Amino acid sequence: MAPAPSFSDADGSLFNFVVRDGNGVKGIVDSGLSKVPKQYVQPQQERIDKLSATLNDNPPIDLAKLDGPDHDQVVEEIARAAETLGFFQVVNHGVPIELLESLKDAAHSFFGQPPEKKAVYCKGVSPSPLVKYGTSFVPEKEKAMEWKDYVSMIYTSDAEALQFWPKECKDVALEYVRTSIKMVRKLLEALMVKLGVNLDDAKMDELIGLKMVNMNFYPRCPNPELTVGVGRHSDLGTLTILLQDGIGGLYVKVEENVDGKKKGEWMEIPPVPGALVINVGDTLQIVSNGKYKSAEHRVRTTSTQSRVSIPIFTIPRGSVKIGPLAQVVEKDGVARYREVVFEDYMNNFFSNAHDGKKSLDFARIY
């Protein structure tokens, strides 16, 4: 076996190898590295202490019950979770379990390819602006990088997805978008009913007009206690649907004291077989005038095996203006956010390193 390459800080060789040449974190791990390079060592306050986190013990919400006599009770459960934690898990969600298994396999098969096969999708060379392969979040701006590689695919139409998405995962990723969108609409309808808002189809499409599927790959890590897979952040869109594999590593920050959990503490979300994780994004926090909370979350790495997770972000199209809904502002008597063009919000979000829920400041009224 060849000796592990040495990367000196001075000449930026690690950055070039990982980011510019498209080797990703997986490239460092595959090169035989036995300890985490210092570019990935997080400051003490950002590290994830598994032992001090509480465990999520909320049972998943059964979405099949939305179509039966327990409809109102399930709507209550969904709204309460969105108001307190900004996150919940669902079962009987309409996405076939076999498809969820195929998605995990497809992610492993994409990231298992030689680096040059993945690097064709790097920003600047990708055959389409809809597909981007990368690593960390904004590596140019991060003090410590995140231990994660990803491929991101924006859905505009079936035809474009079939033409441009990577062949290793396009069919299953497309089916994932198709089968989950009904569920997203149901969830959004339930949340709007609880706000006292009636959204017509056009308004609903404004909020979830674009879908972005990511496949995230967290290579096994020699020192997981020093790194993070993803730093503290909230998602920018309306609702996120997340498939975790069985390894786990997702942590959500408790927004307020509820059910014996204390504000500010981190709660681990152990994977439930067959369940999907749903979390509220910034857009929904803004349109609900703060009633629904976008979930601040982060991801720990693991030393035993590589982990995959596959989120779908449902987001407005760039030209859509987002702001608190008029009916909600009327009821609250005050608007807590200004109206912004979503593309401006998105550009701000993607041009800064992860920093909790700071992204919301862009639209906040003080």
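Remember, it's a predicted structure, so these values are computed and weren't measured experimentally.
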(request) Would you kindly say whether Ser126 and Ser128 are connected by a side-chain donor-acceptor distance under 3.5 Å? (result) no
(message) Check this for me: Lys211, atom NZ, are more than 12 non-hydrogen atoms of other residues, nucleotides or ligands nearer than 6.0 Å?
(response) yes
(request) Assess whether side chain to side chain contact (heavy atoms under 4.5 Å, CB included) is satisfied between Tyr40 and Asn223, documenting all intermediate values. (result) CA-CA 10 Å; Tyr40 286 91; Asn223 319 94; over 6 Å; no
(message) Side chains of Gln73 and Lys65 only: does a donor on one sit below 3.5 Å from an acceptor on the other?
(response) no
(request) May I ask you to check if Arg338 and Phe362 form a cation-pi contact, with NZ or CZ under 6.0 angstrom from the six-membered ring centre and within 45° of the axis? (result) yes
(request) Please check if any side-chain donor atom of Tyr366 sits under 3.5 Å from a side-chain acceptor atom of Asp361, or the reverse. (result) yes
(request) Verify the distance criterion only: is there a donor paired with an acceptor across the side chains of Gln285 and Tyr337 at less than 3.5 Å? (result) yes
(request) Could you tell me the separation between the CD1 atom of Ile310 and the CG atom of Asn214, rounded to the nearest 0.5 Å? (result) 10.0 Å
(message) Quick one, Asp235 with Lys357, criterion salt bridge (Lys or Arg N to Asp or Glu O under 4.0 Å). Give me CA distance, side-chain angles, the key distance, then yes/no.
(response) CA-CA 9 Å; Asp235 294 342; Lys357 290 180 66 168; over 6 Å; no
(request) Please report the shortest heavy-atom distance between Lys293 and Thr84, naming the atom on each side. (result) CG-O, 4.5 Å
(message) Starting from Leu239, can I reach Val213 by hopping between I/L/V/M/F/W/Y residues whose side chains sit under 4.5 Å apart?
(response) yes
(message) Against Val25, only a single residue in Val36, Leu33, Asp149 fulfils side-chain contact (heavy atoms from CB on, under 4.5 Å); can you say which?
(response) Asp149
(message) To the closest 0.5 Å, what do you measure between CD1 (Ile247) and NZ (Lys104)?
(response) 9.5 Å
(message) Any salt bridge linking Glu206 with Lys203? Criterion: basic side-chain nitrogen under 4.0 Å from a carboxylate oxygen.
(response) yes
(message) Which residue in the set Asp62, Leu100, Leu187 passes side-chain contact (heavy atoms from CB on, under 4.5 Å) when paired with His93?
(response) Leu100
(request) Inspect the surroundings of CD in Glu339 and state if more than 12 heavy atoms from other residues, nucleotides or ligands are less than 6.0 Å away. (result) yes
(message) Do Val272 and Leu242 sit in one hydrophobic cluster, given that two such residues count as connected whenever their side-chain heavy atoms are within less than 4.5 Å of each other, even indirectly?
(response) no
(message) In terms of relative ring orientation, are Phe217 and Phe111 parallel, tilted or perpendicular, with 30° and 60° separating the classes?
(response) parallel
(message) So, applying side-chain hydrogen bond (donor to acceptor under 3.5 Å, both in side chains) with Ser234, which one of Thr240, Asp282, Asn279 is it?
(response) Asp282
(message) Using side-chain heavy atoms (C-beta onward) and a distance below 4.5 Å, is Leu284 in contact with Leu191?
(response) yes
(message) Within the 3.5 Å criterion, strictly below it, is a donor on Asn23 or Asp21 matched to an acceptor on the partner's side chain?
(response) no
(request) Compute whether any side-chain donor of one residue and acceptor of the other, for Tyr150 and Lys132, lie under 3.5 angstrom apart. (result) yes
(request) Specify the closest pair of heavy atoms between Ile28 and Leu14, including all atoms of both residues, with the distance to one decimal. (result) CD1-CD1, 4.1 Å
(request) Can you measure from CZ (Phe87) to CE (Met267) and round to the nearest 0.5 angstrom? (result) 5.0 Å
(request) Hey, could you give me the CG/CD1 distance between Leu226 and Ile48, rounded to the nearest 0.5 Å? (result) 12.0 Å
(request) Before giving the answer on salt bridge (Lys or Arg N to Asp or Glu O under 4.0 Å), spell out for Arg317 and Asp205 the whole-Å C-alpha distance, their side-chain angles and the decisive distance to 0.1 Å. (result) CA-CA 9 Å; Arg317 292 181 192 280; Asp205 284 334; over 6 Å; no
(message) Between Tyr133 and Val120, is there shared hydrophobic-cluster membership here, with clusters defined by ILVMFWY side-chain heavy atoms closer than 4.5 Å?
(response) yes
(message) Can a side-chain donor-acceptor contact be found between Thr301 and Thr227 if the only test is distance below 3.5 angstrom?
(response) yes
